[in-house]
Amino acid sequence: MSLALDPAAQELLFREARTANTFTDEPVTDEQVQAIYDLVKYGPTAFNQSPLRITLVRSPEARERLVKHMAEGNQPKTAAAPLVAILSADNEFHEELPALLPHFPQAKDMFFAERPVREQSALLNAALQAAYFIVGVRAAGLAAGPMTGLDFAGVQKEFLDADHTPLMVVNIGKPGEDAWFPRSPRLSFDEVVTTV
C-alpha cells in the first residue's frame with residue numbers, strides 16, 4: 001500500500017464512514033468531544049488561524065430551538081441525535097493571531113484589518129476545520145451527520161451573533177438502525193486529477 005495509515009483506520013475514517021441518519025440513544029460525553037477537538041486542532045490552516053467555533057446543543061430547550069430552523073427532512077435527525085453541534089466561523093479570529101502565530105504577530109493587522117478579508121478567510125479555514133472535526137468524530141468511533149439544510153440566518157440569530165457565521169449543523173452519536181443510505185458514487189482519480 002502507498003498509505004502509511006493502517007488499513008483499519010482508513011476504513012474507519014474514510015471508506016466505511018458515511019453520513020449517519022439515525023443514532024442510538026447512547027450519550028456523547030464532554031470527554032469524547034474534548035478528545036476529538038484535541039486531535040483535530042492540529043489540522044493545518046492559513047496563518048495557523050483557528051476560526052472554527054463549536055456550539056454544543058445539549059439542553060432539550062436549545063434542541064427544540066434548533067430543530068425549528070432545520071429543513072423539514074433534517075428535523076427528525078436533529079431532534080433524535082444524542083449530541084448536535086453548530087459549527088460556525090468566527091469573523092474576529094484575527095484577534096488571536098498574535099498568540100497563534102507568535103513569530104509573525106503583525107499578520108493580524110497586515111492581512112486581516114479589513115472585515116471582508118477576514119470573513120472570506122474565516123469561511124475557508126473554518127470549513128477546513130469543520131472537515132477535520134467530522135473526521136475526528138469518526139476517529140472517536142462515532143458517526144457524524146453534517147447538514148447544511150437549515151435556515152442559516154435563523155440559526156445565527158438564535159445561537160450566535162453578527163461576528164459568527166454558521167457553517168453547518170452536525171448530528172453526532174453511535175449509528176442507529178438503518179443509519180446509512182447506500183454509498184453514493186465518487187469521481188475517479190482520472191476525472192479529478194490533472195498533471196501539467
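Values below: all heavy atoms of this structure, side chains included; hydrogens, waters and symmetry mates excluded. As the structure is a computational prediction, the values presented were derived from the model and not from experiment. Note that the numbering runs from 1 along the sequence shown for the chain.
- In plain terms, the two heavy atoms of Leu52 and Ala130 that are nearest each other are CD2-N, 4.2 Å.
- The structure places CD of Gln120 at 13.5 Å from CZ of Arg115, a figure rounded to the nearest 0.5 Å.
- Of the listed residues (Thr78, Val57, Val84), just one forms a side-chain contact (heavy atoms from CB on, under 4.5 Å) with Val67, and that residue is Thr78.
- Here the side chain of Asp90 pairs no donor or acceptor atom with the backbone of Pro51 at under 3.5 angstrom.
- Here Gln32 pairs with Thr29 under the side-chain hydrogen bond (donor to acceptor under 3.5 Å, both in side chains) rule; sequence neighbours left out.
- A donor-acceptor pair is defined here as one N or O able to donate and one able to accept, closer than 3.5 Å; no such pair exists between the side chain of Gln10 and the backbone of Arg15.
- Lys174 is linked by a salt bridge (charged side-chain N to carboxylate O under 4.0 Å, His left out) to nothing, counting only residues two or more places apart in sequence or in another chain.
- We find the CD-CZ distance between Glu92 and Phe112 to be 12.5 Å, quoted to the nearest 0.5 Å.
- In this structure a side-chain-to-backbone donor-acceptor pair under 3.5 Å is present from Asn21 to Ala179.
- Listed here is the closest heavy atom pair of Pro76 and Glu72: CD-O, 3.5 Å.
- Taking the centre of each ring, Phe133 and Tyr37 stay at or above the 6.0 Å mark.
- Partner of Ile86 under the side-chain contact (heavy atoms from CB on, under 4.5 Å) criterion, out of Leu150, Leu66, Leu167: Leu66 alone.
- Neither side chain, Thr165 nor Glu119, offers a donor N or O lying under 3.5 Å from an acceptor on the other.
- Here Tyr42 and Tyr132 keep their ring centres 6.0 angstrom or further from each other.
- The minimum heavy-atom distance linking Ile172 with Val28 is given by the pair O-CG2, 3.7 Å.
- Counting heavy atoms from C-beta on, the side chains of Gln49 and Leu97 come closer than 4.5 Å.
- Nearest heavy-atom pair, Pro27 versus Pro82, reported as atom, atom and distance to 0.1 Å: CA-CB, 4.3 Å.
- At least one donor-acceptor pair closer than 3.5 Å links the side chain of Arg65 to the backbone N or O of Glu158.
- Using a 4.0 Å cut-off between charged nitrogen and carboxylate oxygen, Arg58 and Asp30 count as a salt-bridge pair.
- Asn74 places no side-chain N or O within 3.5 Å of a backbone atom of Met70 that could act as its donor or acceptor partner.
- The neighbour count for Glu64 CD, taken as heavy atoms of other residues, nucleotides or ligands under 6.0 Å away, does not exceed 12.
- Considering CD of Gln156 and NE2 of His69, their distance stands at 11.5 Å, rounded to 0.5 Å.
- Taking Thr19 as the reference, Pro146 meet the side chain to side chain contact (heavy atoms under 4.5 Å, CB included) condition, with sequence neighbours excluded.
- Checked by atom type and distance alone, the side chain of Arg18 never pairs as donor or acceptor with a backbone atom of Ala143 at under 3.5 Å.
- Using a distance-only test at 3.5 Å, with no hydrogens or angles considered, a donor-acceptor pair links the side chain of Arg118 to the main chain of Asn91.
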Using the rule given for side chain to side chain contact (heavy atoms under 4.5 Å, CB included), can you reason through Ser50 versus Lys41, listing the C-alpha separation, both sets of side-chain angles and the distance that settles it, and then say yes or no? CA-CA 8 Å; Ser50 296; Lys41 69 183 178 185; over 6 Å; no
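- Side chains of Glu191 and Ser188 form a contact here, defined as non-hydrogen atoms less than 4.5 Å apart.
- Between Ala89 and Ala126, the closest heavy-atom pair is CB-CB, 3.6 Å.
- Note that CG of Leu101 and CZ of Phe111 are 10.0 Å apart. Values are rounded to the nearest 0.5 Å.
- A donor-acceptor pair under 3.5 Å is absent between the side-chain atoms of Glu177 and the main chain of Thr22, judged by distance alone.
- Interatomic distance, Arg63 CZ to Lys68 NZ, rounded to the nearest 0.5 Å: 15.0 Å.
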